[in-house]
Amino acid sequence: MKKLIVLVAAALALTAPIASFAMDHGSMNMEHGGHDMGGVAHEEVVNGVKATFKVMSMKEHMAAMKMELPKGMKETHHLAVEFKDAKTGKPITEGDVKVKVQGPDKAEQTKDLMGMQGHFGADFDFSKKGKYGVMCKFKVKDGQVRSSKFWYTVK
């Protein structure tokens, strides 16, 4: 019961700042570069590539795609990353992206992010309150391996 209350509280705490995520993924074309999705968790330029990370609750993510949240799904959040050429601003939509998330309980989740409309994404379990270490390694067209790390806090 306590776990359910924490989950509901976390969901409520997260819905206000990410209400801007309620959008149709189908309308996210390359001209907009996915700017409709708010909630930037981290942004940095790594060797000429601008990486923008966004985290949203699965409830918001599924609603944005006009889909039902699958029953029994243990992943609570969708992590998305967009890459752009830092000089030209052109979207980079091809590459290999791997993310490792270490939770506040030191449990690790490692996933390959799938290419989606204008971004790479995967679903993770961020159900516990606290700091999550997000480590991303990515290789885009130029073949150079880059990495980015940041902390994401679930309140």
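The first residue of the sequence shown is numbered 1, and numbering continues consecutively from there.
- Summarising the geometry, atom OG belonging to S148 is positioned 11.0 Å from atom NZ belonging to K137; distances are rounded to the nearest 0.5 Å.
- Inter-residue side-chain proximity for W151 and K131 is flagged as met; some heavy-atom pair is nearer than 4.5 Å.
- With hydrogens and angles disregarded, no donor-acceptor distance shorter than 3.5 Å links the side chain of K141 to the backbone of E94.
- More than 12 heavy atoms of other shown residues, nucleotides or ligands fall within 6.0 angstrom of atom CD in E43.
- Within the structure, ring-ring contact (aromatic ring centres under 6.0 Å, His included) contacts touching residues 128-148 (residues at least two apart or in different chains) are F83-F138, F126-Y132.
- Here the shortest heavy-atom pairing between G118 and E82 reads O-CG, 3.6 Å.
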Mind running salt bridge (Lys or Arg N to Asp or Glu O under 4.0 Å) on D105 and K128 for me, showing each step along the way?
-> CA-CA 8 Å; D105 58 354; K128 293 177 176 62; 3.4 Å; yes
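- D142 approaches Q144 most closely through the heavy-atom pair OD1-N, 3.0 Å.
- Annotation: the span from M114 atom CE to D123 atom CG amounts to 8.5 Å, rounded to 0.5 Å.
- In terms of heavy atoms, I92 sits closest to K84 at CD1-C, 3.8 Å.
- Distance check, rounded to the nearest 0.5 Å: NE2 of H119 to OG1 of T93 gives 12.0 Å.
- The main-chain N or O of D125 is found under 3.5 Å from a side-chain atom of Q109 such that the two form a donor-acceptor pair.
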Tabulate below the donor-acceptor pairs under 3.5 Å that side-chain atoms of residues 96-103 make, not counting sequence neighbours, or state none.
unit_1 : atom_1 : unit_2 : atom_2 : d
K98    : NZ     : D112   : OD1    : 3.0

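- Enclosure of atom NZ in K50 is not indicated, since only 12 or fewer non-hydrogen atoms of other residues, nucleotides or ligands lie within 6.0 angstrom.
- To the nearest 0.5 Å, atom CD of residue E68 and atom NZ of residue K59 are 11.5 Å apart.
- Both V46 and L113 are assigned to one and the same hydrophobic cluster, defined by single-linkage of ILVMFWY side chains at heavy-atom distances under 4.5 Å.
- Using cut-offs of 30° and 60° for the angle between ring planes, the F150 and H42 rings count as parallel.
- Closest approach of F120 and G95 over heavy atoms only: CE2-O, 3.6 Å.
- In this structure, K54 NZ and L79 CG are separated by 11.5 Å, a value rounded to the nearest 0.5 Å.
- Contact check for V140 versus V49: side-chain heavy atoms found under the 4.5 Å cut-off.
- Taking the charged nitrogens against the carboxylate oxygens, K111 and E75 do have a contact shorter than 4.0 Å, which makes a salt bridge.
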